[in-house]
Visitor: 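Here you go, one structure.
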Amino acid sequence: MSTNRPPRRPAVYTPWSRRFTDERALDLSAAMQLHEEVHTRWRKSQYAKPIIFDAFASVILDHIEAHASLPTDPKLREALVNAIKKVVAL
């Protein structure tokens with residue numbers, strides 16, 4: 001006697017309304033609409049402004065400086081800020 005379940009057979013019944021729709025296309029169009037709506041709202045928010053990258057990089061550097069000492073060379077600090085901006089822009 002086996003304790004395994006018998007293999008499941010796929011359902012034969014398909015609801016009438018689903019026979020004539022392309023559900024993948026509907027899902028894709030809904031996802032694209034949602035992306036466009038979110039992207040539009042983001043563009044209008046304060047977080048889309050280019051200055052936010054500078055502010056975020058400054059906050060990150062402050063957190064790093066709280067745990068480790070950073071050199072005071074302005075060129076090195078600028079290189080760190082640019083590296084943080086590039087990572088955030090991904």
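Every value quoted in this text rests on a predicted model; they were computed, and no experiment measured them. The figures that follow rest on heavy atoms only: side chains count, while hydrogens, waters and symmetry mates do not.
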Visitor: Any chain of hydrophobic side-chain contacts (each under 4.5 Å) joining Ile51 to Phe56?
Guide: no
Visitor: Val38: which other cluster members, linking ILVMFWY side chains closer than 4.5 Å, directly or transitively?
Guide: Leu34
Visitor: Between Leu70 and Val59, is there a shared hydrophobic cluster once you connect ILVMFWY residues whose side-chain heavy atoms come closer than 4.5 Å?
Guide: no
Visitor: Can you list the residues that meet the salt bridge (Lys or Arg N to Asp or Glu O under 4.0 Å) rule with Arg8, with sequence neighbours excluded?
Guide: none
Visitor: To which residues is Phe20 joined in a hydrophobic cluster, defined by side-chain heavy-atom contacts under 4.5 Å among Ile, Leu, Val, Met, Phe, Trp and Tyr, whether direct or through other members?
Guide: Trp16
Visitor: Please tabulate, one pair per line, all N/O donor-acceptor pairs under 3.5 Å involving side-chain atoms of residues 80-90, not counting sequence neighbours.
Guide:
from: Asn82; atom 1: ND2; to: Glu78; atom 2: O; distance (Å): 3.3
from: Lys85; atom 1: NZ; to: Asp54; atom 2: OD1; distance (Å): 2.5

Visitor: When rounded to the nearest 0.5 angstrom, what is the spacing between CE in Met32 and CD in Glu36?
Guide: 8.5 Å
Visitor: Name all residues meeting the ring-ring contact (aromatic ring centres under 6.0 Å, His included) criterion together with His35; count only those two or more places apart in sequence or in a different chain, and write none if there are none.
Guide: His39
Visitor: Looking at side-chain heavy atoms only, is the closest gap between Glu37 and Gln33 below 4.5 Å?
Guide: no
Visitor: The criterion is side chain to side chain donor-acceptor pair (under 3.5 Å); which residues satisfy it with Glu65, sequence neighbours excluded?
Guide: Arg77
Visitor: Suppose the criterion is side chain to side chain donor-acceptor pair (under 3.5 Å): which pairs have a residue in residues 67-76, not counting sequence neighbours?
Guide: none
Visitor: Let me check something: any side-chain donor-acceptor pairs from residues 21-29 under 3.5 Å, sequence neighbours excluded? List them with distances.
Guide:
from: Glu23; atom 1: OE2; to: Arg18; atom 2: NE; distance (Å): 2.7
from: Ser29; atom 1: OG; to: Ala25; atom 2: O; distance (Å): 3.3
from: Ser29; atom 1: OG; to: Leu26; atom 2: O; distance (Å): 2.9

